[in-house]
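Below is one structure, written out as structure tokens; comments come after it.
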Amino acid sequence: MKKLADKVAIITGASKGLGKAMALALGAEGARLFLVSRNLAQLQATAAEARALGAETEVCPADITDEAQVRRVEAAATDRFGKVQILINNAGMNIRKAVTDFTLTEWRQVQDTNLTSVFLLCRAFVPHMRGQGYGRILNMTSIMSHVALPGRTAYAASKSALLGFTRALALELAPEKITVNGISPGPFATEMNAPLMQNQELSREFISKIPLARWGKVEEVGQLAVYLCSEDAGFITGTDILIDGGWTAQ
């Protein structure tokens, strides 16, 4: 029996990186996937890989910072699959610059993508998850929820707020047996981190801060997500799982 057989999972930012890795990992364990991203072509590519694994998969291009589009995602997902059991809020962005160089538009763009979208999606899908005696919400936080780096003010602010949101929502939904947890990745080999990885000096600097001395593999986050969404993790809620090669243990 697959760990997530027939569970319906909504995954945002599923077109690439960690979102794609989690989609493929959940799909391989029997989850029925509803994948959301702004990039339709990349989303369709992820869906094709998931279907090759045997996962029933639907895609929905959308900007999840927009309330009306989130409502459209809600309607499309529930029309297609009915009840929803899993929501993975993975979509995110980072703008790296000094705080004095930020425009208000850029600041709001980071907050809306990393935090407001999670509120909109939880508000939309929690009512569909209630009453089943099971539910899983995963929010992609970050090691920047726990530590900081220069030039990450907007990102660290959004992810720290997301961690607080995660803990409060976990308490709110505990009576429904819906667990809410964060996953805080450290440096992973994703498209978002490509500029750092392609700069040999910066890449060496990052790796020097990681006790395990390597970039994380996206598949490792995929398997963690499978565990947290499974019945085996039913007693884990309101916490944040650091998967960072030991970065924050220092």
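Computed from a predicted structure; not experimentally measured.
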Indicate, with yes or no, if Ile86 and Leu224 share a hydrophobic cluster defined by side-chain heavy-atom contacts under 4.5 Å among Ile, Leu, Val, Met, Phe, Trp and Tyr.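 Same cluster.
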Indicate whether any N or O donor in one side chain lies under 3.5 Å from an N or O acceptor in the other, for Asp244 and His146.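 No pair is found: no donor N or O on one side chain lies under 3.5 Å from an acceptor on the other.
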Donor-acceptor side-chain pairing of Asp240 and Ser184 below 3.5 angstrom: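 Yes, a side-chain donor-acceptor pair sits under 3.5 Å.
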Dump the intermediate steps for side-chain contact (heavy atoms from CB on, under 4.5 Å) on Ile143 and Ile243, then the final yes or no. CA-CA 8 Å; Ile143 60 170; Ile243 178 168; over 6 Å; no
For a quick test of reading the model, state the closest non-hydrogen atom pair linking [X] to [Y] and the distance between them.
X: Ala75; Y: Thr78; answer: O-OG1, 3.3 Å
X: Leu43; Y: Ser15; answer: N-CB, 3.7 Å
X: Lys83; Y: Arg130; answer: NZ-O, 4.0 Å

Taking the basic N atoms (NZ, or NE/NH1/NH2) and the acidic carboxylate oxygens, is any pair closer than 4.0 Å for Glu58 and Arg80?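 So Glu58 pairs with Arg80 through a salt bridge.
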Considering only residues two or more places apart or on different chains, which pairs with a residue in residues 224-250 satisfy ring-ring contact (aromatic ring centres under 6.0 Å, His included)?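 Qualifying pairs, neighbours excluded: Phe206-Trp247.
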For the side-chain contact (heavy atoms from CB on, under 4.5 Å) test, which of Val70, Thr113, Leu120 pairs with Thr65?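 Only one option passes, and that is Thr113.
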Ignoring hydrogens and geometry, is there a side-chain-to-backbone donor-acceptor pair from Arg136 to Ser230 under 3.5 Å?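 Such a contact is found between Arg136 side chain and Ser230 backbone.
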Would you tabulate the side-chain donor-acceptor contacts of residues 169-179 under 3.5 Å, counting partners in other chains and residues two or more places apart, or write 'none'?
residue, atom, partner, partner atom, Å
Glu176, OE1, Gly131, N, 3.2

Sequence neighbours left out, what pairs pass side chain to side chain donor-acceptor pair (under 3.5 Å) with at least one residue falling in residues 154-169?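 Every side chain to side chain donor-acceptor pair (under 3.5 Å) pair that includes a residue of residues 154-169, provided the two are not neighbours, is Asn114-Ser158, Asn139-Thr166.
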I'd like to know whether Lys217 forms a side-chain contact (heavy atoms from CB on, under 4.5 Å) with Trp215, so could you lay out the CA-CA distance, the side-chain angles of the two residues, the decisive distance to 0.1 Å, and finally the verdict. CA-CA 7 Å; Lys217 302 173 184 177; Trp215 290 84; over 6 Å; no
